[in-house]
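Inspection log for the structure reproduced underneath, given as C-alpha coordinates.
Starting from 1, each residue takes its place in the sequence as its number.
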Amino acid sequence: MAVSADDHRYMARALRLARRGLYTTDPNPNVGCVLVNDRGDIVGEGFHQRAGQPHAEPLAIQAAGEAARGTTAYVTLEPCNHHGRTPPCAEALIAAGIKRVVAATEDPNPTVSGRGYAKLREAGLTVEAGVLEAEAIELNRGYTQRMRHGRPWVRAKLAVSLDGRTALANGVSQWITGSAARADVHHWRARSSAIVTGVGTVLADNPSLNARVAAATVQPVRVIVDSHLRTPPDAKLFKAGSELLLVHTDDPHKRAAALEAAGATLLRLDAGADGRIAPGDLLDWLGEQQINEVLVEAGAELNGTLLEAGLVDELLVYQAACVMGSDARGMFTLPPVQQMDECRRAKLYDMRRFGDDLRLQYRFSEVS
(Lines give C-alpha, C1' and ligand atoms only; values in the text may rest on other atoms or scores of the structure.)
Protein backbone atom coordinates (compact mmCIF):
# COMPACT_ATOMS: atom_id res chain seq x y z
CA MET A 1 0.00 0.00 0.00
CA ALA A 2 1.45 3.35 -1.00
CA VAL A 3 2.03 6.08 1.55
CA SER A 4 -0.57 8.83 1.20
CA ALA A 5 -1.02 12.46 2.20
CA ASP A 6 -3.31 11.22 4.99
CA ASP A 7 -0.47 9.08 6.30
CA HIS A 8 1.66 12.21 6.63
CA ARG A 9 -1.18 14.08 8.34
CA TYR A 10 -1.76 11.40 10.96
CA MET A 11 1.98 11.00 11.54
CA ALA A 12 2.23 14.75 12.12
CA ARG A 13 -0.44 14.31 14.80
CA ALA A 14 1.54 11.47 16.37
CA LEU A 15 4.67 13.66 16.45
CA ARG A 16 2.76 16.46 18.17
CA LEU A 17 1.64 13.96 20.79
CA ALA A 18 5.19 12.68 21.24
CA ARG A 19 6.43 16.20 21.99
CA ARG A 20 4.20 16.27 25.08
CA GLY A 21 6.67 13.96 26.78
CA LEU A 22 9.70 16.05 25.82
CA TYR A 23 10.51 17.06 29.42
CA THR A 24 9.68 13.81 31.21
CA THR A 25 10.62 10.65 29.28
CA ASP A 26 14.39 10.69 29.84
CA PRO A 27 16.31 8.46 29.19
CA ASN A 28 13.65 6.97 26.93
CA PRO A 29 12.73 8.43 23.52
CA ASN A 30 9.66 10.56 22.90
CA VAL A 31 7.03 8.51 21.10
CA GLY A 32 3.46 9.17 19.98
CA CYS A 33 0.85 6.82 18.51
CA VAL A 34 -2.45 7.43 16.68
CA LEU A 35 -4.96 4.73 15.68
CA VAL A 36 -7.13 5.45 12.64
CA ASN A 37 -9.98 3.31 11.27
CA ASP A 38 -10.96 2.74 7.63
CA ARG A 39 -13.26 5.79 7.67
CA GLY A 40 -10.37 8.04 8.64
CA ASP A 41 -11.52 8.52 12.24
CA ILE A 42 -8.97 8.69 15.06
CA VAL A 43 -10.20 6.09 17.56
CA GLY A 44 -7.29 6.14 20.00
CA GLU A 45 -4.06 7.95 20.69
CA GLY A 46 -1.35 8.09 23.30
CA PHE A 47 2.19 9.20 24.02
CA HIS A 48 4.98 7.96 26.25
CA GLN A 49 4.91 10.12 29.35
CA ARG A 50 7.65 8.88 31.66
CA ALA A 51 10.30 6.16 31.79
CA GLY A 52 8.90 3.00 33.36
CA GLN A 53 5.32 3.89 32.44
CA PRO A 54 3.36 2.46 29.47
CA HIS A 55 4.56 3.26 25.97
CA ALA A 56 2.53 5.18 23.41
CA GLU A 57 1.14 2.14 21.58
CA PRO A 58 -0.56 0.38 24.53
CA LEU A 59 -1.96 3.71 25.72
CA ALA A 60 -3.52 4.31 22.29
CA ILE A 61 -4.87 0.75 22.23
CA GLN A 62 -6.34 1.19 25.70
CA ALA A 63 -8.00 4.45 24.64
CA ALA A 64 -9.52 2.79 21.55
CA GLY A 65 -10.73 -0.41 23.19
CA GLU A 66 -12.41 -2.77 20.72
CA ALA A 67 -12.30 -0.03 18.07
CA ALA A 68 -8.56 -0.68 17.74
CA ARG A 69 -9.19 -3.84 15.71
CA GLY A 70 -8.57 -3.35 11.99
CA THR A 71 -7.03 0.10 12.33
CA THR A 72 -3.80 1.64 11.09
CA ALA A 73 -1.34 2.59 13.83
CA TYR A 74 0.83 5.65 13.25
CA VAL A 75 3.90 5.42 15.47
CA THR A 76 6.79 7.88 15.56
CA LEU A 77 9.36 5.19 16.41
CA GLU A 78 9.63 1.53 15.51
CA PRO A 79 7.58 -0.50 18.02
CA CYS A 80 9.81 -2.34 20.47
CA ASN A 81 9.99 -6.15 20.50
CA HIS A 82 11.77 -6.79 23.79
CA HIS A 83 10.87 -6.97 27.46
CA GLY A 84 12.19 -4.02 29.45
CA ARG A 85 10.28 -2.30 32.22
CA THR A 86 7.19 -2.62 29.98
CA PRO A 87 6.01 -5.43 27.63
CA PRO A 88 6.85 -5.40 23.88
CA CYS A 89 4.76 -2.91 21.92
CA ALA A 90 4.92 -5.01 18.74
CA GLU A 91 3.09 -7.82 20.55
CA ALA A 92 0.49 -5.37 21.87
CA LEU A 93 -0.26 -4.13 18.36
CA ILE A 94 -0.61 -7.70 17.07
CA ALA A 95 -2.86 -8.73 19.95
CA ALA A 96 -5.09 -5.69 19.43
CA GLY A 97 -5.78 -6.69 15.81
CA ILE A 98 -4.02 -3.75 14.18
CA LYS A 99 -3.79 -4.42 10.43
CA ARG A 100 -1.23 -1.80 9.33
CA VAL A 101 1.60 0.08 11.04
CA VAL A 102 3.08 3.29 9.67
CA ALA A 103 6.30 4.23 11.47
CA ALA A 104 8.40 7.37 11.18
CA THR A 105 11.83 5.89 11.84
CA GLU A 106 13.66 2.76 12.89
CA ASP A 107 14.67 2.57 16.54
CA PRO A 108 18.46 3.12 16.78
CA ASN A 109 18.59 0.95 19.90
CA PRO A 110 20.47 -2.18 18.74
CA THR A 111 18.22 -4.40 20.86
CA VAL A 112 15.20 -3.14 18.92
CA SER A 113 16.41 -1.94 15.51
CA GLY A 114 14.56 -3.79 12.74
CA ARG A 115 13.22 -6.47 15.06
CA GLY A 116 9.96 -4.67 15.75
CA TYR A 117 9.21 -4.39 12.05
CA ALA A 118 10.13 -8.05 11.51
CA LYS A 119 7.82 -9.20 14.31
CA LEU A 120 4.89 -7.24 12.86
CA ARG A 121 5.45 -8.52 9.33
CA GLU A 122 5.75 -12.11 10.56
CA ALA A 123 2.30 -11.69 12.11
CA GLY A 124 0.87 -10.51 8.77
CA LEU A 125 0.69 -6.77 9.43
CA THR A 126 1.54 -4.30 6.67
CA VAL A 127 4.45 -2.08 7.73
CA GLU A 128 5.37 1.25 6.12
CA ALA A 129 8.44 3.06 7.43
CA GLY A 130 10.09 6.44 6.89
CA VAL A 131 7.06 8.77 7.03
CA LEU A 132 8.26 12.14 8.41
CA GLU A 133 11.49 10.42 9.38
CA ALA A 134 13.60 13.58 9.61
CA GLU A 135 11.13 15.15 12.04
CA ALA A 136 11.10 12.02 14.20
CA ILE A 137 14.91 11.86 14.36
CA GLU A 138 15.03 15.55 15.26
CA LEU A 139 12.64 14.98 18.15
CA ASN A 140 14.90 12.24 19.56
CA ARG A 141 18.24 13.64 18.45
CA GLY A 142 20.02 12.94 21.74
CA TYR A 143 18.62 9.42 22.12
CA THR A 144 19.66 8.61 18.53
CA GLN A 145 23.16 10.01 19.05
CA ARG A 146 23.66 8.00 22.25
CA MET A 147 22.42 4.76 20.75
CA ARG A 148 24.59 5.08 17.65
CA HIS A 149 27.75 6.62 19.10
CA GLY A 150 27.64 6.13 22.87
CA ARG A 151 27.74 9.86 23.63
CA PRO A 152 25.03 12.45 24.22
CA TRP A 153 24.18 15.27 21.84
CA VAL A 154 26.09 18.34 23.06
CA ARG A 155 24.40 21.71 22.74
CA ALA A 156 26.33 24.77 23.95
CA LYS A 157 24.35 27.86 24.96
CA LEU A 158 25.92 31.31 24.77
CA ALA A 159 24.47 34.77 25.41
CA VAL A 160 26.51 37.30 23.43
CA SER A 161 26.58 40.93 22.42
CA LEU A 162 26.64 42.18 18.84
CA ASP A 163 30.43 42.18 19.05
CA GLY A 164 30.55 38.56 20.24
CA ARG A 165 31.22 39.19 23.94
CA THR A 166 29.81 37.09 26.76
CA ALA A 167 30.82 39.08 29.86
CA LEU A 168 32.48 42.30 30.88
CA ALA A 169 36.18 42.26 31.65
CA ASN A 170 35.33 41.93 35.35
CA GLY A 171 33.25 38.82 34.65
CA VAL A 172 29.79 40.39 35.02
CA SER A 173 27.35 38.89 32.50
CA GLN A 174 23.88 39.36 34.04
CA TRP A 175 21.97 40.21 32.00
CA ILE A 176 23.08 40.45 28.38
CA THR A 177 19.78 39.26 26.92
CA GLY A 178 16.20 40.11 27.79
CA SER A 179 13.65 38.15 29.78
CA ALA A 180 12.05 36.44 26.75
CA ALA A 181 15.36 34.96 25.63
CA ARG A 182 16.20 33.83 29.17
CA ALA A 183 12.79 32.15 29.46
CA ASP A 184 13.51 30.24 26.24
CA VAL A 185 16.73 28.90 27.77
CA HIS A 186 14.70 27.22 30.52
CA HIS A 187 12.84 25.16 27.92
CA TRP A 188 16.18 23.91 26.56
CA ARG A 189 17.22 23.07 30.11
CA ALA A 190 13.96 21.19 30.64
CA ARG A 191 14.52 18.94 27.60
CA SER A 192 18.17 18.27 28.49
CA SER A 193 19.33 15.23 30.43
CA ALA A 194 22.22 17.17 31.95
CA ILE A 195 23.54 20.71 32.22
CA VAL A 196 27.33 21.03 32.20
CA THR A 197 29.31 24.02 33.39
CA GLY A 198 32.71 24.80 34.84
CA VAL A 199 33.56 25.81 38.38
CA GLY A 200 34.54 29.26 37.09
CA THR A 201 30.92 29.93 36.14
CA VAL A 202 29.77 28.68 39.54
CA LEU A 203 32.16 31.02 41.35
CA ALA A 204 31.34 34.02 39.13
CA ASP A 205 27.55 33.70 38.78
CA ASN A 206 26.39 31.33 41.57
CA PRO A 207 23.69 29.80 39.29
CA SER A 208 21.05 27.23 40.21
CA LEU A 209 21.06 25.59 36.74
CA ASN A 210 17.58 24.14 37.08
CA ALA A 211 14.70 24.30 34.59
CA ARG A 212 12.03 26.76 35.63
CA VAL A 213 9.07 26.01 33.36
CA ALA A 214 5.37 25.56 34.05
CA ALA A 215 5.21 22.07 32.52
CA ALA A 216 5.99 18.85 34.38
CA THR A 217 9.72 18.28 34.17
CA VAL A 218 12.33 15.70 35.09
CA GLN A 219 15.03 18.10 36.22
CA PRO A 220 18.40 17.70 34.47
CA VAL A 221 21.47 16.47 36.29
CA ARG A 222 23.80 19.42 37.02
CA VAL A 223 27.40 18.52 36.16
CA ILE A 224 30.19 20.80 37.37
CA VAL A 225 33.68 20.38 35.92
CA ASP A 226 35.67 21.20 39.06
CA SER A 227 39.13 19.66 38.94
CA HIS A 228 40.18 20.81 42.41
CA LEU A 229 36.77 20.85 44.16
CA ARG A 230 36.49 24.59 44.55
CA THR A 231 32.66 24.64 44.51
CA PRO A 232 31.44 26.27 47.77
CA PRO A 233 29.17 23.98 49.85
CA ASP A 234 26.76 26.90 50.29
CA ALA A 235 26.35 27.57 46.53
CA LYS A 236 22.83 27.87 45.11
CA LEU A 237 23.40 24.60 43.26
CA PHE A 238 22.84 22.70 46.49
CA LYS A 239 19.43 24.30 47.03
CA ALA A 240 17.93 23.48 43.62
CA GLY A 241 16.96 19.91 44.53
CA SER A 242 18.02 17.86 41.48
CA GLU A 243 21.11 15.68 41.21
CA LEU A 244 24.42 17.52 41.43
CA LEU A 245 27.63 15.93 40.17
CA LEU A 246 31.07 17.41 40.77
CA VAL A 247 33.69 16.03 38.38
CA HIS A 248 37.24 16.38 39.71
CA THR A 249 40.78 15.09 39.21
CA ASP A 250 42.21 15.43 42.71
CA ASP A 251 42.30 12.59 45.19
CA PRO A 252 39.63 13.02 47.86
CA HIS A 253 40.56 15.63 50.43
CA LYS A 254 38.95 17.54 53.29
CA ARG A 255 36.55 19.45 51.00
CA ALA A 256 35.04 16.23 49.66
CA ALA A 257 33.20 15.36 52.88
CA ALA A 258 31.65 18.82 53.14
CA LEU A 259 30.51 18.77 49.51
CA GLU A 260 29.00 15.30 49.84
CA ALA A 261 27.29 16.31 53.07
CA ALA A 262 25.79 19.28 51.23
CA GLY A 263 24.28 16.91 48.64
CA ALA A 264 26.80 16.54 45.84
CA THR A 265 27.96 13.32 44.20
CA LEU A 266 31.68 13.28 43.42
CA LEU A 267 33.15 11.68 40.32
CA ARG A 268 36.90 11.42 39.92
CA LEU A 269 38.29 11.24 36.39
CA ASP A 270 41.94 11.10 35.42
CA ALA A 271 43.50 14.32 34.21
CA GLY A 272 44.64 14.57 30.61
CA ALA A 273 48.10 15.59 29.45
CA ASP A 274 47.21 19.24 30.06
CA GLY A 275 46.25 18.53 33.68
CA ARG A 276 42.53 19.02 33.01
CA ILE A 277 39.64 16.61 32.72
CA ALA A 278 39.49 15.14 29.23
CA PRO A 279 36.08 16.20 27.88
CA GLY A 280 35.75 13.04 25.80
CA ASP A 281 36.08 10.90 28.92
CA LEU A 282 33.35 12.91 30.62
CA LEU A 283 30.98 12.58 27.67
CA ASP A 284 31.67 8.84 27.41
CA TRP A 285 30.81 8.48 31.09
CA LEU A 286 27.61 10.52 30.65
CA GLY A 287 26.62 8.30 27.74
CA GLU A 288 27.07 5.26 29.95
CA GLN A 289 24.66 6.88 32.43
CA GLN A 290 22.01 7.13 29.67
CA ILE A 291 22.35 10.88 29.27
CA ASN A 292 20.80 11.81 25.91
CA GLU A 293 21.23 15.57 25.60
CA VAL A 294 23.74 17.87 27.30
CA LEU A 295 23.29 21.63 27.54
CA VAL A 296 26.61 23.36 28.17
CA GLU A 297 26.28 26.69 29.97
CA ALA A 298 29.89 27.60 30.58
CA GLY A 299 32.60 30.16 30.07
CA ALA A 300 35.07 30.61 27.25
CA GLU A 301 37.57 28.08 28.57
CA LEU A 302 35.29 25.05 28.81
CA ASN A 303 33.43 26.05 25.64
CA GLY A 304 36.74 26.33 23.82
CA THR A 305 37.99 22.99 25.15
CA LEU A 306 34.87 21.20 23.93
CA LEU A 307 34.88 22.96 20.56
CA GLU A 308 38.58 22.30 19.96
CA ALA A 309 38.02 18.61 20.70
CA GLY A 310 35.18 18.48 18.15
CA LEU A 311 32.64 17.62 20.84
CA VAL A 312 30.11 20.44 20.33
CA ASP A 313 27.31 19.32 18.03
CA GLU A 314 25.20 22.45 18.22
CA LEU A 315 25.36 26.08 19.35
CA LEU A 316 22.47 28.10 20.75
CA VAL A 317 23.66 31.68 20.41
CA TYR A 318 21.39 34.31 21.97
CA GLN A 319 22.57 37.57 20.42
CA ALA A 320 21.58 40.74 22.23
CA ALA A 321 21.33 44.18 20.63
CA CYS A 322 24.21 45.68 22.59
CA VAL A 323 27.93 46.31 22.18
CA MET A 324 30.24 45.49 25.11
CA GLY A 325 33.64 46.61 23.89
CA SER A 326 36.96 45.04 23.00
CA ASP A 327 38.08 44.36 26.58
CA ALA A 328 35.00 42.23 27.33
CA ARG A 329 35.28 38.43 27.36
CA GLY A 330 34.86 36.30 24.26
CA MET A 331 32.91 33.14 23.48
CA PHE A 332 35.74 30.61 23.21
CA THR A 333 39.31 30.25 24.40
CA LEU A 334 40.99 28.64 21.39
CA PRO A 335 44.42 28.49 19.77
CA PRO A 336 45.01 31.18 17.14
CA VAL A 337 43.99 30.44 13.55
CA GLN A 338 46.53 31.29 10.87
CA GLN A 339 44.57 30.49 7.71
CA MET A 340 40.90 30.92 6.82
CA ASP A 341 40.63 27.28 5.81
CA GLU A 342 41.50 26.35 9.41
CA CYS A 343 38.31 27.98 10.70
CA ARG A 344 35.73 25.58 12.11
CA ARG A 345 32.51 26.23 10.21
CA ALA A 346 28.94 25.57 11.26
CA LYS A 347 25.61 25.59 9.45
CA LEU A 348 22.81 27.94 10.47
CA TYR A 349 19.93 25.62 11.35
CA ASP A 350 17.34 28.02 12.75
CA MET A 351 16.87 31.68 13.66
CA ARG A 352 14.19 33.14 15.90
CA ARG A 353 13.47 36.47 17.53
CA PHE A 354 12.82 37.04 21.24
CA GLY A 355 12.10 40.72 21.73
CA ASP A 356 15.22 42.56 20.61
CA ASP A 357 17.32 39.40 20.87
CA LEU A 358 17.97 36.72 18.28
CA ARG A 359 18.41 33.00 18.87
CA LEU A 360 20.81 31.62 16.29
CA GLN A 361 20.97 27.84 16.17
CA TYR A 362 24.12 26.48 14.51
CA ARG A 363 25.11 22.87 13.93
CA PHE A 364 28.54 21.37 13.44
CA SER A 365 27.23 17.86 12.88
CA GLU A 366 24.20 15.68 12.29
CA VAL A 367 23.43 12.31 13.77
CA SER A 368 24.79 9.65 11.42
Side-chain angles (χ1 to χ4, degrees), residues 1-22 25 28-49 54-64 67-82 88-145 147-148 153 191 292 349-350 366-368:
M1 183 183 297
V3 173
S4 68
D6 283 342
D7 290 333
H8 284 80
R9 179 163 60 89
Y10 294 125
M11 185 62 75
R13 170 62 183 169
L15 284 164
R16 289 195 295 273
L17 287 170
R19 288 190 64 83
R20 294 184 185 180
L22 192 63
T25 62
N28 288 359
N30 299 286
V31 182
C33 179
V34 174
L35 302 183
V36 180
N37 65 20
D38 288 338
R39 297 187 300 274
D41 301 322
I42 295 176
V43 298
E45 56 186 25
F47 67 96
H48 184 45
Q49 299 178 30
H55 289 186
E57 297 94 323
L59 288 173
I61 292 167
Q62 181 181 12
R69 188 165 299 278
T71 60
T72 294
Y74 295 88
V75 189
T76 60
L77 191 70
E78 177 184 3
C80 63
N81 188 38
H82 71 288
C89 293
E91 291 184 4
L93 292 167
I94 295 166
I98 306 297
K99 69 176 183 181
R100 179 173 178 249
V101 173
V102 179
T105 186
E106 188 173 293
D107 194 325
N109 185 341
T111 64
V112 177
S113 188
R115 298 178 186 180
Y117 293 156
K119 181 73 173 180
L120 295 170
R121 288 178 174 127
E122 287 170 5
L125 280 71
T126 300
V127 177
E128 311 278 0
V131 176
L132 299 185
E133 182 172 27
E135 291 84 349
I137 291 174
E138 180 64 32
L139 180 61
N140 290 307
R141 181 160 295 280
Y143 172 79
T144 302
Q145 169 107 331
M147 286 297 171
R148 291 182 179 172
W153 181 261
R191 69 169 289 169
N292 291 332
Y349 176 76
D350 187 52
E366 294 292 336
V367 174
S368 58

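In summary, the side chains of Tyr117 and Asp107 do not present any donor paired with an acceptor at a separation below 3.5 Å, with no hydrogens or angles considered. Counting only N and O atoms by type, the side chains of Asn109 and Thr111 include a donor and acceptor under 3.5 Å apart. Asn28 and His48 share a donor-acceptor pair across their side chains, judged by distance under 3.5 Å alone.
In terms of modelled atom types and a separation under 3.5 Å, the side chain of Thr76 and the main chain of Gly32 share a donor-acceptor contact. The backbone N or O of Glu106 lies less than 3.5 Å from no partner atom in the side chain of Glu78, so there is not a single donor-acceptor pair. When atom types are taken as modelled, the side chain of Asn37 and the backbone of Gly40 share a donor-acceptor pair closer than 3.5 angstrom. Asn30 places a side-chain N or O within 3.5 Å of a backbone atom of Leu22 that can act as its donor or acceptor partner.
To the nearest 0.5 Å, atom SG of residue Cys33 and atom OH of residue Tyr74 are 11.0 Å apart. Here the NZ atom belonging to Lys119 is positioned 5.0 Å from the CD atom belonging to Glu91, to the nearest 0.5 angstrom. The CG atom of Asn81 lies 8.0 Å from the CD atom of Glu122; values are rounded to the nearest 0.5 Å. Remark: Leu139 CG to Arg141 CZ distance equals 10.5 Å, nearest 0.5 Å. Between the CD atom of Gln145 and the CG atom of Asn292 there is a distance of 10.0 Å, given to the nearest 0.5 Å. Going from atom CG of Leu120 over to atom CZ of Arg115 covers 14.5 Å, rounded to the nearest 0.5 Å.
Across all their heavy atoms, Gly116 and Ala90 have their closest contact at O-CB, 4.3 Å. Minimum interatomic distance between Ala73 and Leu35 (heavy atoms only, all atoms of both residues): CB-CD2, 3.5 Å. Smallest separation of non-hydrogen atoms from Pro29 and Leu77: CG-CD2, 3.6 Å. The two residues Leu59 and Gly46 come nearest to each other via the heavy atoms CB-CA, 4.2 Å. Nearest heavy-atom pair, Pro79 versus Val101, reported as atom, atom and distance to 0.1 Å: CG-CG1, 4.4 Å. The nearest pair of heavy atoms linking His8 to Ser4 is ND1-O, 3.1 Å.
Remark: of the listed residues Thr72, Ile42, Leu15, Val102, Ile42 is the sole one forming a side-chain contact (heavy atoms from CB on, under 4.5 Å) with Tyr10.
Shown here is Glu138, whose CD atom has more than 12 heavy atoms of other residues, nucleotides or ligands within 6.0 Å. No more than 12 heavy atoms of other residues, nucleotides or ligands shown are found within 6.0 angstrom of CZ on Arg19.
Val75 is listed as a side-chain neighbour of Glu57, based on a closest heavy-atom distance under 4.5 Å. Under the 4.5 Å side-chain criterion, counting only non-hydrogen atoms from C-beta, Pro108 is not in contact with Ser113. Side-chain contact between Val43 and Thr71: present, with at least one pair of heavy atoms (C-beta onward) separated by less than 4.5 Å. Looking only at side-chain heavy atoms (C-beta outward), Leu125 and Arg121 stay at 4.5 Å or farther from each other.
Salt-bridge formation is detected for the pair Asp7/Arg100: a Lys NZ or Arg NE/NH1/NH2 atom is positioned less than 4.0 Å from an Asp or Glu carboxylate oxygen.
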